[in-house]
There are 2 protein chains.
Amino acid sequence: MLRVGKLTDYATVILSIMAKDKHHVFAAMEMAALTGIALPTVSKVLKILVNAKILMSVRGAKGGYLLAGEPNGITVAAIISALEGPIALTECSLSKQACTAASGCGIRANWHVINQTIYNALASVTLADLIKPAVGLEEAYVPLASLYQ
Amino acid sequence: MLRVGKLTDYATVILSIMAKDKHHVFAAMEMAALTGIALPTVSKVLKILVNAKILMSVRGAKGGYLLAGEPNGITVAAIISALEGPIALTECSLSKQACTAASGCGIRANWHVINQTIYNALASVTLADLIKPAVGLEEAYVPLASLYQ
DNA sequence: TTTAAATAGTACTAAAATAGTACTGAATTA
DNA sequence: TAATTCAGTACTATTTTAGTACTATTTAAA
C-alpha cells in the first residue's frame, strides 16, 4: 500500500551499511559484494543518491562513495524522495466540472493533508534511527484521526 | 511517494458521493455520469468495493450500489487495501546471507514499524472525515520519530 | 607519463504492474 | 418474458520500473 520500489529498498540497505562505517569510502563493487545486488544496479542507486546530495563521491582510483552528512541528518523522507521522485499524489484525473459538481475536490484536499502528514512523519525518522534495533510494534500507533476533530 | 493508483482515487470519489446520499441506490451508469469516469472502469471499481464489503449491491432492474455501512465505519486504510491488495511492503530482495551479514534485516524490521504506523494512521481516518472540509496543513504534523526515543 | 581503477552520464531493453475494455452469465422487476 | 443491471472472467494496451550497456572523465600509482 505504501509502495516503495526495490531501488528505494536497496538504498536503505546501502545507506545503513555506510552509516555504520561512516569514514570508509565504499567502491560500488565493494557494495555490490556486501549486499549481493548486481553491480550496475548498485551503481545506479549510488549515482541517484549522489545527485540527491545524500552521498558524496570520490572519483578515480581508490575512489568510491561515502555519506554526505551525519546519519541523524538524513531523513527517510529524503531517501524516498530521492529514489521515487518528488512526492506526487495522484493528480486529479476527473474532468474539472465533474470534480466540482461531484464534490471530488474537497476529498482531494483531505488526501493532500493525509499525504503531507505522512511525509512529515517520515521526515522525522532518520538513518540513525533506522540502524537502531527495531522498536515493538505495539508502540507504533499514531492517531491521524485527531486532526479531524 | 505514497503512491496510490488511479483506481483508488476513483474509489474515494465514488464513495464520497455515496456517503453524501447514503440511502440512494446508485447504478454504475449513474455514477459514471456523475464522475466522468468511463463506465467499464467505474463498474470495475464498484465490483472491487463490493467484494471488499465496503459496498452492497442490488441486482436486477432498479438495482445498483450503496454503502454497506456507516461512513464513519469505513476507514481510508480499508479503501486502500481493497484497491491495492494486501499491504505488501517490499519483500526482502537480498540473498539471506547478504541480508544477515550486511545488517539489512534490522533495517527491514524498522521499515515494517514505519509502514505499520502509517497504516494505523490511515485506519484512524474514515470516509466521514474525508467528506468534511479539509483541515489546515499547519496542523498536520505527526512526529513519528518519538517512537525511536 | 602511462595505466588501471573508479565514478558520471546517457541511452536502451526487458519485465512487471496498472488501467481500461469486452463479453458472457445471472438476478430482479415490471 | 423482456428489459435492466450487477457478477465474473479474460484480455489488451499502456505505463512504469528495473536492470543493463556503453562511453567519457577523473585520479592514484607504477
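Computation of the quantities below employed the complete heavy-atom set of this structure, encompassing side-chain atoms and omitting hydrogens, waters and symmetry-equivalent molecules. Throughout, a chain's letter reflects where its sequence line sits, starting with A, and its residues are numbered from 1.
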| said: If you compare every side-chain N and O of B/Ser43 against the phosphate oxygens of D/dC6 (OP1, OP2), does one of them come in below 4.0 Å? | reply: no

Assign each of B/Thr41 and A/Leu46 the nucleotide of DNA chain C bearing its closest heavy atom; nearer the 5' end lies the nucleotide of A/Leu46

From the candidates C/dG9, C/dG20, C/dA6, the one with an atom nearest any side-chain atom of A/Ala27 is C/dA6

The nucleotide from C/dT21, D/dG19, C/dA8 with an atom nearest the side chain of B/Ala38 is C/dT21

Between the NE2 atom in A/His23 and the CE atom in A/Met18, the distance rounded to the nearest 0.5 Å is 13.5 Å

Inset, instruction - Examine D/dA7: is either OP1 or OP2 under 4.0 Å from a nitrogen or oxygen in the side chain of B/Tyr65? Give yes or no. - result: yes

For this session: May I have the step-by-step check of side-chain contact (heavy atoms from CB on, under 4.5 Å) for A/Leu7 and A/Thr41, ending in yes or no?
Result: CA-CA 8 Å; A/Leu7 296 185; A/Thr41 304; 4.0 Å; yes

Here the distance between atom C1' of C/dC23 and atom CG of B/Leu39, to the nearest Å, is 13 Å

task = Indicate yes or no for a side-chain donor-acceptor contact from B/Ser16 to the backbone of B/Thr12 under 3.5 Å, with no hydrogens or angles considered.
result = yes

Atom CD1 of A/Ile80 and atom P of D/dT17 are separated, to the nearest Å, by 14 Å

Rounded to whole Å, CD1 of B/Ile48 lies from P of D/dG8 at a distance of 12 Å

B/Leu83 CG to C/dT18 C1', in whole Å, measures 12 Å

Quick test: give all pairs of protein nitrogen or oxygen and nucleotides 24-26 of chain D nitrogen or oxygen below 3.5 Å, distance rounded to 0.1 Å.
{"from": "D/dT25", "atom 1": "O2", "to": "A/Arg59", "atom 2": "NH2", "distance (Å)": "3.0"}
{"from": "D/dT26", "atom 1": "O2", "to": "A/Gly60", "atom 2": "N", "distance (Å)": "3.4"}

Side-chain atoms of B/Ala28 come closest, of D/dC6, D/dG8, D/dG19, to D/dC6

Residues A/Leu49 and A/Ala11: closest non-hydrogen pair is CD1-CB, 4.2 Å

Between A/Leu34 and the options A/Ile17, A/Val13, A/Ile14, the side-chain contact (heavy atoms from CB on, under 4.5 Å) test singles out A/Ile17

Closest of C/dG20, D/dA29, C/dG9 to the B/Leu7 side chain is C/dG20

query = Are OP1 or OP2 of C/dA6 and a side-chain N or O of A/Ser57 less than 4.0 angstrom apart?
reply = no

By nearest-nucleotide position on DNA chain D, the 5'-leaning member of A/Lys47 and A/Thr8 is A/Thr8

Here the distance between atom C1' of C/dG20 and atom CD1 of B/Ile37, to the nearest Å, is 12 Å

Open item on the list: If hydrophobic clusters are built by linking Ile, Leu, Val, Met, Phe, Trp and Tyr wherever their side-chain heavy atoms come under 4.5 Å apart, do B/Val58 and B/Met56 end up in the same one?
Closed with: yes

Original post:
Would you say B/Glu84's side chain and B/Gly5's backbone share a donor-acceptor pair under 3.5 angstrom?
Top reply: yes

From NZ of B/Lys6 across to C1' of D/dT16 the rounded distance in Å is 12 Å

Atom CG of B/Asp9 and atom C1' of C/dG20 are separated, to the nearest Å, by 16 Å

The residue, B/Lys44 or A/Lys44, whose nearest nucleotide of DNA chain D is more 5′ is B/Lys44

Between CE of B/Met29 and P of D/dC6 the distance, given in whole Å, is 10 Å

Quick one: are B/Leu66 and B/Lys22 in side-chain contact, heavy atoms under 4.5 Å? no

